[in-house]
Amino acid sequence: MDVESGTQWVDWVQGGVAQCLGVKKNLINVSVKRIGGAYGGKISRGNIIACGAALAAHAVNKPVKMFQSLWDSAKMIGKRNPYYVEYEAGFDANGKLAGIITNVYANCGQTATESPVSAVTLWGDNGYNCPNWKVSMTNCKTNLPANTWTRAPGSTESIFFIEYIMEHIAQTLGKPSIDVKRANFYKNGDRTITGQPLKDFTLAELTDSFLTSASYRQRLQDAATFNLNNRWRKRGISVTPMKYGSTWNGNNFNCFISIFHSGGTVAVSHGGVEMGQGINTKVAQVVAYELGIPLDLVSIKPNFSLTNANANSTGGSVTSELVSLAAINCCSQLKARIDPIKNTMPNASWSDIIEACFVKTIDLSARSWIAPKTTGDDAPVNYNTYGVTCTEVELDVLTGEHQITRMDVIHDCGESMSPLVDVGQIEGAIVMGLGYYTSEELVYEKTTGALVTYSTWKYKPPTTKDIPIDFRVQILQNSSNPSGVLRSKLVAEPPLCMTCSVVFALREAIKAARDEISQGHDWFQINAPMTVEKVQQYCLPDIAQFTYN
C-alpha cells in the first residue's frame with residue numbers, strides 16, 4: 001500500500017499503518033513531499049489520519065483521501081503541555097544563587113506518552129550557575145486529549161521557569177533583573193545542571209555587547225520617565241538571555257544522492273521532512289557546495305520509506321544539520337569515485353566528467369546513515385547556542401491592551417548555512433512565542449475536558465498587528481562552531497525560548513501601574529498567557545481610581 005501522509009515521522013506512519021492493517025511493515029510505502037507547518041504536532045498525531053485513510057482504502061480497495069477541518073483537529077489533537085510549578089530559591093545579598101528547589105507538574109492529558117517534563121533537567125538552568133538543584137517532576141493525568149510535542153517542547157517552559165525565578169529574586173533585592181542574571185552567568189569550566197562541563201560559554205560577552213547595541217540602560221530610564229508622566233499608560237522593558245543545548249544523541253537520519261549522466265543533475269532524498277523550516281534549501285545548498293556545482297542542478301525529492309528507512313522524526317531543531325551531515329558524507333563517497341576521472345580531465349565541465357564516469361561504469365549513487373553517539377563530558381549536549389532578547393511594551397492600564405513598541409533579538413547561528421532561512425526562522429519563532437505568551441489561551445470545559453476555544457472566534461493567534469512595531473533581528477557576526485556541521489548552529493527552536501521576555505516586560509509595566517496605588521513593591525504572581533483580561537486585572541483597576549486631578 002502507498003501512503004502519502006502529512007507527518008514529521010515517516011517511520012512511525014509506516015509502522016502504525018502496518019499494525020492497523022495487520023500486515024508486515026515492508027508492504028507499506030510512505031512518502032512525504034512537504035507539510036504545511038507542524039512544530040511537533042505532526043510527529044505522532046499524523047498517524048490518526050494515515051491509519052484511518054489506510055483502513056478505509058484497504059476495506060474498499062480504492063484510493064482514499066482523508067483530512068480534518070481545523071476545528072475538528074483542534075478539538076481532537078492535544079496541545080503543548082500546561083505546567084504548574086512550585087519553587088524555592090536561596091541567594092545572597094547580591095542575588096548570587098545558592099540553591100533552587102522546583103516541583104514541576106505537567107498536564108499530560110489522558111496519557112503521558114509524550115511528556116517533555118524531563119526537559120527541565122537539561123535546559124532548566126538556562127545560563128545560570130546554581131551549585132545546588134533539587135528537581136521534582138510529575139506527569140499528571142487529566143481529562144484532556146493527550147498533549148503532544150510542540151516547538152521547543154519543555155525547553156521553552158524550562159527557560160521560562162528559571163527566568164521567572166530570577167525576576168522574583170531581582171525584585172526582592174530591588175535590583176535590575178539583568179544585573180542579577182548577569183551575576184549568575186556560568187564561566188567556562190563550570191558544570192551545568194546535567195553535570196557536563198562548559199567549554200564554549202560566550203553568553204556574558206554577548207549580553208554585554210547586546211545591552212549596549214540595544215541602548216538598554218537609556219531605554220530603561222526613558223521608560224521610568226514615561227511612567228512618571230502617564231497615569232493610565234505604562235511601559236516596561238525586560239531582557240532575557242539564553243543558553244540552549246543542542247542534543248544529537250538518540251537521533252538517526254539518512255541521505256541518498258544520485259547523480260544522473262546526460263547533464264550531471266543531482267537528486268537528493270533525505271530523512272528529514274520539509275515543513276517550512278528550510279531543510280530542503282539547506283540540504284540543496286550543502287550538496288551544491290560539497291560537489292562544487294550550481295544550485296540549480298540539485299533537486300530535493302520526497303522523503304520515502306524505502307530510501308530513508310528507519311529515520312527518526314524531524315524535530316528538536318537538529319534534523320537540518322544532521323541530514324546535511326549525512327549529505328556531506330554522501331558527497332564525500334561520490335567525490336572519492338569521481339575525482340580519479342576528474343583529475344584526468346582538468347578542463348572538462350561537470351556534465352562531461354559525469355558522462356565519463358558513466359561510461360566507465362562508476363557508481364554515481366551514495367547513501368549515508370548518521371547516528372551520533374557521545375558519552376562522558378561530551379554528552380548530552382553536543383554544543384550550546386546563545387541569544388539575547390530585549391522587549392519593550394506599552395500598556396493601556398484601563399483595558400489591558402498592549403503594543404510591543406520595540407524588540408531586539410540576537411541569535412548565535414555559528415557560521416550560518418543559509419542566513420536568510422535562519423533569520424526567517426528567528427522571526428517566526430519569536431512571533432509564535434508572542435502568541436503563546438500573550439494571546440493564545442486554551443479554555444476547556446471542566447467536566448468533560450472538551451476544548452472551548454477551538455476557533456479563532458475565541459482562540460487568538462498573533463497576526464500582523466501583533467508583530468513588534470520596531471523589530472530588530474540579527475545573527476551574531478564572526479561566530480563559528482567547531483562542533484557543528486560546516487561550523488553552523490541550530491536555530492529553529494531556541495529563539496522561541498527567549499520570547500518569554502514579553503511576559504516580564506508586561507510585568508514591569510503592570511508593576512508601574514500598581515506603584516500608582518502603592519501595590520507594586522511586593523512580588524505578585526502572574527500566569528501566562530498574558531491575555532488582555534489578565535493584564536487588566538493584574539493592574540488592580542478600581543472605579544475609585546477614575547478621578548480627574
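Between the side chain of N81 and the backbone N or O of P116 there is no donor-acceptor pair closer than 3.5 Å. Using a distance-only test at 3.5 Å, with no hydrogens or angles considered, a donor-acceptor pair links the side chain of Q171 to the main chain of G520. The backbone N or O of V491 lies less than 3.5 Å from no partner atom in the side chain of Y244, so there is not a single donor-acceptor pair. A donor-acceptor pair is defined here as one N or O able to donate and one able to accept, closer than 3.5 Å; such a pair exists between the side chain of K489 and the backbone of N384. T148 places no side-chain N or O within 3.5 Å of a backbone atom of G41 that could act as its donor or acceptor partner. In this structure, the side chain of S115 engages the main chain of V117 through a donor-acceptor pair within 3.5 Å. In this structure, E274 contributes its side chain and K33 its backbone to no donor-acceptor pair below 3.5 Å. A donor-acceptor pair is defined here as one N or O able to donate and one able to accept, closer than 3.5 Å; such a pair exists between the side chain of Y164 and the backbone of I526. Between the side chain of N303 and the main chain of N308, no donor-acceptor pair closer than 3.5 Å is present. Side-chain atoms of Q537 do not come within 3.5 Å of backbone N or O of L540 as any donor-acceptor pair.
Comment: E163 engages K181 in a salt bridge, judged by a side-chain N to carboxylate O separation of less than 4.0 angstrom. Using a cutoff of 4.0 Å between basic side-chain nitrogens and carboxylate oxygens, E493 and R151 are not scored as salt-bridged. K25 has a carboxylate O that lies under 4.0 Å from a charged side-chain N of D11, or vice versa, which qualifies the two as a salt bridge. The pair E114-R45 counts as a salt bridge, with a side-chain nitrogen and a carboxylate oxygen less than 4.0 angstrom apart. Ion pairing of D222 with R235 is absent here, as no side-chain N (NZ or NE/NH1/NH2) approaches a carboxylate O to less than 4.0 Å. Taking the charged nitrogens against the carboxylate oxygens, R514 and D522 have no contact shorter than 4.0 Å, which rules out a salt bridge.
At least one side-chain heavy atom of K234 sits under 4.5 Å from a side-chain heavy atom of E516. The shortest side-chain heavy-atom distance between T7 and V273 does not fall under the 4.5 Å cut-off. Using a 4.5 Å heavy-atom cutoff, the side chains of V381 and L122 are in contact. No side-chain heavy atom of L442 sits under 4.5 Å from any side-chain heavy atom of E440. Residues S69 and D72 have side chains in contact (heavy-atom distance under 4.5 Å, counting atoms from C-beta outward). Taking 4.5 Å as the limit, some side-chain heavy atom of I279 sits within range of a side-chain heavy atom of V323. At a threshold of 4.5 Å between non-hydrogen side-chain atoms, the residues W12 and S44 count as touching. Annotation: side chain of Q545 is in contact with side chain of R231 (closest heavy-atom distance under 4.5 Å).
Residues E167 and S177 bring a donor and an acceptor atom of their side chains to less than 3.5 Å of each other.
Ring centroid separation for the pair F504 and Y437 does not come in under the 6.0 Å cut-off. For W232 and F546, the distance between ring centers is under 6.0 angstrom.
No more than 12 heavy atoms of other residues, nucleotides or ligands shown are found within 6.0 angstrom of CH2 on W71. Residue-environment remark: CD (Q403) stays at or below the threshold of 12 foreign heavy atoms within 6.0 Å. The 12-atom threshold is not exceeded at CD of Q19, counting heavy atoms of other residues, nucleotides or ligands nearer than 6.0 Å.
When the options T307, N280, T319 are evaluated for a side-chain hydrogen bond (donor to acceptor under 3.5 Å, both in side chains) with H270, the one that passes is N280.
Ring geometry, F161 versus Y83: the interplanar angle exceeds 60°, so the pair is classed perpendicular (tilted spans 30 to 60°).
For R507 and F524, the positive end sits near the middle of the six-membered ring, less than 6.0 Å away and at most 45° from its axis.
Evaluation of the side-chain contact (heavy atoms from CB on, under 4.5 Å) rule for T391 yields T389, V393, I404, M407, S501, V502, A505 as partners, not counting sequence neighbours. With sequence neighbours excluded, the residues forming a salt bridge (charged side-chain N to carboxylate O under 4.0 Å, His left out) with K534 are E441, listed by chain and number.
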